[in-house]
S.K.: 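I have a structure here, written as structure tokens, and I will follow up with some questions on it.
Whatever order the structure lists ligands and atoms in, that order sets their numbers, starting from 1.
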Amino acid sequence: MKKIKIAPSVLSADFSKMGEEIEGISKAGADVIHLDVMDGSFVKNISFGPKLIKDARRYSDKIFDAHLMIVNPWNYISKFKDAGADIITVHYEACQDRLKQTLKEIKALGVKCGAVINPDTPVNKIADVIDECDMILLMSVFPGFGGQKFIPEVLPKLEETANLIAKSGKEIDLEIDGGINLENVKSVKDAGANVIVAGSTVFAELDRAKIISDLRNA
Ligand code: DX5
Ligand code: ZN
């Protein structure tokens, strides 16, 4: 069994005190800090860029997981590396034919890399890049906003991806992102996810240590 890692998404944090929010979840037991970067073009929302990540880096030594929801991500990967991202994930839908090359470019910078697919993209679109990846991210909502409802049709896709990862024989994390709460978290773990993103579920609670531990142990 792979280690379960809880990855709060700071999209639901108070942006006016992001340093404290990230320090708080780090001390409360988060394994990974999930950073949702949105450009208003790939998705219909704008969040933040490398400057925030660079400044936030002083508040946490946890894994910084930059989820790039931007067009032409290859133009920005070195900026996110310089800002302190430990892993950069890029969407198949943004990269298309350039996905494998972009993953290689991320790795060449000395950063871990991952491929992401939307709820309506089949797993076979990323089957040929799994070997390049340190992590695969399956979206369980359409990206753009926190607080959306979990799409259960992702569960068979998680199982399919977990099987491909097992066949590769490599240590590849399987991350799930969108609408995760205490009711559905066990189902995604059972389907093979080991990196659990949770935004609204974590930041809605004042006791961050308890909700992180409850998500881990559910
Ligand atoms: C959606 C983002 C998610 C989001 C998760 O576009 O990629 O990371 O913040 O938020 P919740 O957990 O509230 O669905
Ligand atoms: Zn995300």
Side-chain angles (χ1 to χ4, degrees), residues 4-15 18 21-22 25 28 30-50 52-53 56 62-71 73 76 80 85-95 106 112-121 126 133-155 157-158 161 173-189 193-205 208 211-212 214-216 218:
I4 298 290
K5 299 176 198 170
I6 304 299
S9 161
V10 301
L11 196 60
S12 292
D14 181 341
F15 278 33
M18 190 58 90
E21 293 276 60
I22 288 179
I25 51 175
D31 303 282
V32 173
I33 309 300
H34 184 82
L35 300 150
D36 286 305
V37 176
M38 304 178 175
D39 66 353
S41 185
F42 181 71
V43 291
K44 289 193 176 66
N45 196 5
I46 299 175
S47 58
F48 52 79
L52 178 130
I53 294 176
K62 302 295 178 184
I63 297 162
F64 270 25
D65 163 25
H67 173 195
L68 301 191
M69 288 162 274
I70 64 177
V71 297
Y76 293 93
F80 287 100
D86 298 298
I87 177 160
I88 297 174
T89 64
V90 291
H91 273 258
Y92 161 77
E93 297 84 3
C95 298
I106 296 170
K112 290 188 173 180
C113 70
V116 193
I117 54 172
N118 280 343
D120 59 352
T121 299
I126 52 164
C133 292
D134 298 289
M135 183 162 78
I136 302 291
L137 167 51
L138 300 195
M139 295 305 300
S140 41
V141 298
F142 285 90
F145 298 91
Q148 301 183 76
K149 196 172 174 296
F150 177 75
I151 298 172
E153 285 76 17
V154 75
L155 291 171
K157 289 171 68 181
L158 277 174
T161 310
D173 283 324
L174 180 51
E175 182 174 49
I176 185 78
D177 181 7
I180 302 298
N181 55 38
L182 287 176
E183 279 71 56
N184 58 31
V185 66
K186 184 171 186 305
S187 68
V188 297
K189 289 180 196 167
N194 74 301
V195 182
I196 312 293
V197 177
S200 46
T201 292
V202 168
F203 284 95
E205 299 295 329
R208 307 273 157 84
I211 185 67
I212 288 169
D214 288 350
L215 286 166
R216 193 188 306 285

S.K.: Could you grab the distance from atom OG of Ser187 to atom CD1 of Ile180, nearest 0.5 Å is fine?
M.R.: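 Taking OG in Ser187 and CD1 in Ile180, the distance rounds to 7.0 Å.
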S.K.: Pairs under 3.5 Å, N/O atoms on ligand 1 and on the protein: can you put them in a table with the distances?
M.R.:
residue  : atom   : partner : partner atom : Å
ligand 1 : 6 (O)  : Gly144  : N            : 2.7
ligand 1 : 7 (O)  : Asp36   : OD1          : 2.9
ligand 1 : 7 (O)  : His67   : ND1          : 3.3
ligand 1 : 7 (O)  : Asp177  : OD2          : 2.9
ligand 1 : 8 (O)  : His34   : NE2          : 3.4
ligand 1 : 8 (O)  : Asp36   : OD1          : 3.1
ligand 1 : 8 (O)  : Asp36   : OD2          : 2.7
ligand 1 : 8 (O)  : Asp177  : OD1          : 2.7
ligand 1 : 8 (O)  : Asp177  : OD2          : 3.0
ligand 1 : 9 (O)  : Ser9    : OG           : 2.9
ligand 1 : 9 (O)  : Asp36   : OD2          : 3.1
ligand 1 : 12 (O) : Gly199  : N            : 2.8
ligand 1 : 13 (O) : Gly147  : N            : 2.8
ligand 1 : 13 (O) : Ser200  : N            : 3.0
ligand 1 : 13 (O) : Ser200  : OG           : 2.5
ligand 1 : 14 (O) : Gly179  : N            : 2.8

S.K.: Check Asp86 with Lys62, please: is the shortest side-chain N to carboxylate O separation under 4.0 Å?
M.R.: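 No, this pair does not count.
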S.K.: Does the side chain of Met38 reach to within under 4.5 Å of the side chain of Phe48, using non-hydrogen atoms?
M.R.: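 Met38 does not reach Phe48 side chain to side chain.
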S.K.: Determine, stepwise, if the pair Ile176 / Val197 fulfils side chain to side chain contact (heavy atoms under 4.5 Å, CB included).
M.R.: CA-CA 6 Å; Ile176 185 78; Val197 177; over 6 Å; no
S.K.: I'd like to check the ring pair (Phe, Tyr, Trp, His ring centres under 6.0 Å) partners of His91; sequence neighbours left out, ordered by chain and number.
M.R.: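 For His91, the residues satisfying ring pair (Phe, Tyr, Trp, His ring centres under 6.0 Å) (neighbours in sequence not counted) are Phe42, His67.
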S.K.: Show me the side-chain donor-acceptor pairs of residues 145-154 shorter than 3.5 Å, one per line, residues at least two apart or across chains.
M.R.:
residue : atom : partner : partner atom : Å
Gln148  : NE2  : Phe142  : O            : 2.8
Gln148  : NE2  : Phe145  : O            : 3.0

S.K.: Does Asp134 use its side chain to pair, donor to acceptor, with the backbone of Lys112 at less than 3.5 Å?
M.R.: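 Here the side-chain-to-backbone pair does not exist.
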S.K.: Any sub-3.5 Å donor-acceptor pair from Asn194's side-chain atoms to Ile4's backbone N or O?
M.R.: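 No; judged by distance alone, with no hydrogens or angles, the pair does not exist.
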S.K.: In the shown structure, where waters are left out, how many protein N, O or S atoms lie under 2.8 Å from the Zn ion (ligand 2)?
M.R.: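 Considering protein N, O and S only, the Zn ion (ligand 2) has 4 within range.
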S.K.: Please tell me whether Ser9 and Asp36 have a donor and an acceptor in their side chains that are separated by less than 3.5 angstrom.
M.R.: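 Yes, Asp36 and Ser9 have a side-chain donor paired with an acceptor closer than 3.5 Å.
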